[in-house]
Structure formats: C-alpha cells, structure tokens
Amino acid sequence: MGRDSWLAYNRPEVDEDEIRAVVQVLRSGWITRGPVTDQFEQALAQYLQVPAVAAVSSCTAALHLGLLLHDIGPGDEVITTPMTFAASVNVIIETGATPILADIDPATGNLDLASVAALITPRTRAVMPVHYGGQPVDMAALNELARKSQLVVVEDAAHAMGSQQHGRPVGSFGNVAALSFYATKNLTTGEGGALTLFDEESLLRVRELSLHGLSRHAWNRYGLGGSWQYDVTRLGFKYNMTDIQAAMGLAQLAKFPALQKKRVQLAARYRELLTDLPLALPALVPGFTHSWHLYPIVLDLSSVRGTRDDVIEDMRQSNIGTSVHFIPIYRHTYYAERFGWRSEDYPGAESFYAGQISLPLYPALSLSDVDDVAAALAASLAGRRRE
Ligand SMILES: *Cc1c(COP(=O)(O)O)cnc(C)c1O
C-alpha cells in the first residue's frame, strides 16, 4: 500500500511570477533594501489592516525588535508557550529577560489563558502568544488579561498570515506582531519577516534598530538624492530585508488569496477523510479563520498499539513525509538545564505532543495527494487498532 513516489512534507509555492520579479530587481542596479521593500511594506500594511509594517530579515529578528521596542530586558519576565519553535524563546533570552512557559490547551495547541494568568508576577512585562499552526489565539481574551496586568502583547504570528478573527487579520491585535516569510511559511521570501506597528515613531525606531542604529534614510545614501552622511544614534542590528526578498514577497502577496483558497480546500478534504479515525482534528472555532499553515492531528493513543513515532514510520514506509510541531521547548537540553523546566509541569503540552503529527499541507498538493495521505494514515491505524 502507498504511493510509488515520495510525497514531500513541504514544498514552497514558487513559479515564474517570483522568478521574473526577482530577476527584475537583480537587473535594476539596486539589490538590497530600497524602493521594492517600501512597496512590500505598504502592501503588507494594507493586507494586514495596520498603519505600518517594518519588513526585516526574519520573524526571529521581528520578534527581537518587537521586544526591544517595548524596552523589555534584564529583570523582566515574558510568558510564552512551550508549543513553539526555538526562536520565540531565544529572542526573549537575547534581550536579557527571562522566559516563563505557560501550559497549552490541548484542544487548540494554543496558550491556556488560565495558565498564563497564574504565572503573572510583578516582574511580568509581556506575553508572547503563538497562533499555533494558524489557529488564532483568542486575542480579545488575551488582550483583556494583558490590559488588567499592564502587559505588552508581542504576537508570534509566524503561522498566522491568512488567519482572521471576526473578519480582521491576525497581526493587527497585539501591541506588535511578527510574521515569518521563511521557506515553509504560507507566504515566503525564502528568508524574511515583518513587524506590524501602529505609529510612525515606532516604525522609525524599528527601522533604525534593523540597520545598525543608523539615522533614518541612511539606507538611501547611495541612491538618487541620498547623502553620504549618516549618524549612529543608537545600538542596532543588521536585520534589514532586501529588495530581492521583497520582490518575491510582492509576487506572493498578489496570489496569496488563491494560495489560501487551495489550503482551505485541502484542509476540508482532510477533515472529510479523517473524521472517523481515532484522532483529534484541528478545532474549528466560530468567528475564527484558520490559515492552515499546518494540518496538525493528535492521535488517540489509548486506541493505538504503538507510539506516534511508529505511525510516522508507517507513513514513511508508504512514501509520505510528515512532521511534528513542536518538540516542546522545555524538552530541549539547553532550556531544561538553564531554567530547570520539567515535562511534568506541562500536562497539556505533554499529552498533545505524545500524539501529534503534522500532515502535508501546501498549495502544490492535489486532492488525490491528500487522499493518499489519509489512506496511509487509515491503514496504519487499522493495523495498530487496540482490541
Ligand atoms: C518559523 C517560526 C519562527 C521563526 O521564523 P523565521 O522567519 O525563520 O525567523 C518563529 N516562531 C514560530 C512559531 C515559527 O514557526
């Protein structure tokens, strides 16, 4: 049983549109941050319905700048989720602040707000939600909690390009939100990220921080009307986007609604085919639009002989690539040793992780590819049924 050829877990959606746009920049004589990045920022701000966007080199950079913009540093605590990628926690540590992990709600994979509330201390300065797999965190409830305790909300919206809440794009709810345009994300520039911002002063500060702390407009010092003069006004980083990336981003943004439509179709097909299997499907929350960055399922291990890893191996034997999102942060050596985190303290994340598998979901998949994935999964679970 299975396919003749390997079905990759992920594949970026890049065609002649992106190639043409990138080549045009390469021929233009201006290849780093310039007018095309300006255009991409404006187009993103319009799509996300926010006053301003700063395009940067990665979501990791955007998260770091989002924390620094709110002066988060040594002595501060930032609450986040263990069900995320290392980047979320690393940037908190990079600022000198202390990351605090709340547990998750296994029904959504998102932060459990009661667990967040219980961890707030006088040192807590910020909370960093992750919209897990594209499932929106309830931002109205989180913002209310943050308001009561005067916390800054720095959204890790790496999965949430395409997610909405009551008709508004995710990325427009927190104090700042960071998006990722990494190769595997719903909209890609190869590497890249963006920070959503709500006032001009923050935009200018983030621009300066992203380019060595150089005074505004220094990026244009080799351009028409640019001056050779610049001044370093604060300590900064090298986090700028390039026009090559931005050109790719603009091409992706132009077809983004079509790409999302395809993801919605594929996710609906999975739901139809997997409904009767012993596993939990991603929750559908009324009023919320999932971006379907991931298609995460959680096996009901009480009715399966073997482990999640055994099922992944069965899928591999059937020529189907899958993944796991995520190895919980507290399970990694560095964090466990440095912060003394223990798996026992995160029952929600542990039960989720034990059965979690991410199935392939990207616009280049066909409905019959989804049928193959579902058939392989059904066969694995049928062979492993616990009597
Ligand atoms: C991908 C990802 C990031 C990092 O994005 P980069 O653009 O690669 O820096 C951060 N958080 C989460 C949850 C991610 O999945």
Side-chain angles (χ1 to χ4, degrees), residues 9-10 12 37 40 44 48 53-68 78-95 99 101-102 104 108-111 126-137 139 142 153-163 170-171 174 176-196 206 209-210 237-242 244-246 248-249 252 263 282 290-296 323-332 335 349 352-353 356 358 361-362:
Y9 170 69
N10 194 295
T37 307
F40 184 44
L44 277 172
L48 294 167
V53 166
V56 290
S57 53
S58 69
C59 177
T60 308
L63 287 169
H64 192 195
L65 296 176
L67 292 168
L68 293 175
V78 179
I79 300 175
T80 190
T81 168
M83 202 46 68
T84 188
F85 184 57
S88 317
V89 175
N90 285 355
V91 292
I92 297 170
I93 300 171
E94 298 287 358
T95 67
L101 298 183
I104 64 157
T108 59
N110 280 333
L111 273 176
V127 55
M128 184 189 286
V130 175
H131 305 279
Y132 173 84
Q135 175 80 267
V137 169
M139 290 303 294
L142 182 69
V153 178
V154 179
E155 285 178 81
D156 180 338
H159 298 182
M161 186 73 190
S163 300
V170 170
V176 284
L179 294 131
S180 175
F181 310 130
Y182 180 65
T184 58
K185 301 289 159 63
N186 288 28
L187 184 151
T188 184
T189 60
E191 296 277 358
L195 194 62
T196 60
V206 165
L209 284 171
S210 70
F237 304 87
K238 188 70 197 322
Y239 279 170
N240 62 281
M241 182 170 266
T242 70
I244 302 170
Q245 291 164 295
M248 195 174 160
Q252 291 254 302
R263 284 182 189 268
H290 200 299
S291 74
W292 302 113
H293 169 55
L294 303 178
Y295 200 86
S323 190
V324 172
H325 293 88
F326 288 92
I327 301 166
I329 290 295
Y330 51 77
R331 281 180 165 254
H332 293 284
Y335 309 118
F352 189 87
Y353 173 60
Q356 201 276 332
S358 297
L361 179 59
Y362 45 95

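Atoms within a ligand are numbered from 1 in the order they appear, just like the ligands themselves.
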*Which class fits the ring pair F237 and Y239: parallel under 30°, tilted 30 to 60°, perpendicular over 60°?*
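Parallel.
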*Y330: side-chain hydrogen bond (donor to acceptor under 3.5 Å, both in side chains) partners, not counting sequence neighbours*: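 With neighbours one apart ignored, the set is E350.
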*Please check if the distance between the ring centroids of F181 and F40 is under 6.0 Å.*
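F181 vs F40: aromatic centres under 6.0 Å.
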Identify all pairs of nitrogen or oxygen atoms, one from ligand 1 and one from the protein, separated by less than 3.5 Å, and list them with distances.
from     : atom 1 : to   : atom 2 : distance (Å)
ligand 1 : 5 (O)  : S180 : OG     : 3.3
ligand 1 : 7 (O)  : C59  : N      : 2.9
ligand 1 : 7 (O)  : S180 : OG     : 2.8
ligand 1 : 9 (O)  : C59  : N      : 3.3
ligand 1 : 9 (O)  : T60  : N      : 2.8
ligand 1 : 9 (O)  : T60  : OG1    : 2.5
ligand 1 : 11 (N) : D156 : OD1    : 3.4
ligand 1 : 11 (N) : D156 : OD2    : 2.7
ligand 1 : 15 (O) : H159 : NE2    : 2.6
ligand 1 : 15 (O) : K185 : NZ     : 3.1

_Stepwise ring pair (Phe, Tyr, Trp, His ring centres under 6.0 Å) check, F352 with Y132_ = CA-CA 12 Å; F352 189 87; Y132 173 84; 5.4 Å; yes
*From H293 NE2 over to R263 CZ, what is the distance, rounded to the nearest 0.5 angstrom?*
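Here the rounded value is 7.0 Å.
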_Counting only heavy atoms from other residues, nucleotides and ligands, does the tally under 6.0 Å from CZ of F85 exceed 12?_
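Open: at most 12 neighbouring heavy atoms sit under 6.0 Å from CZ of F85.
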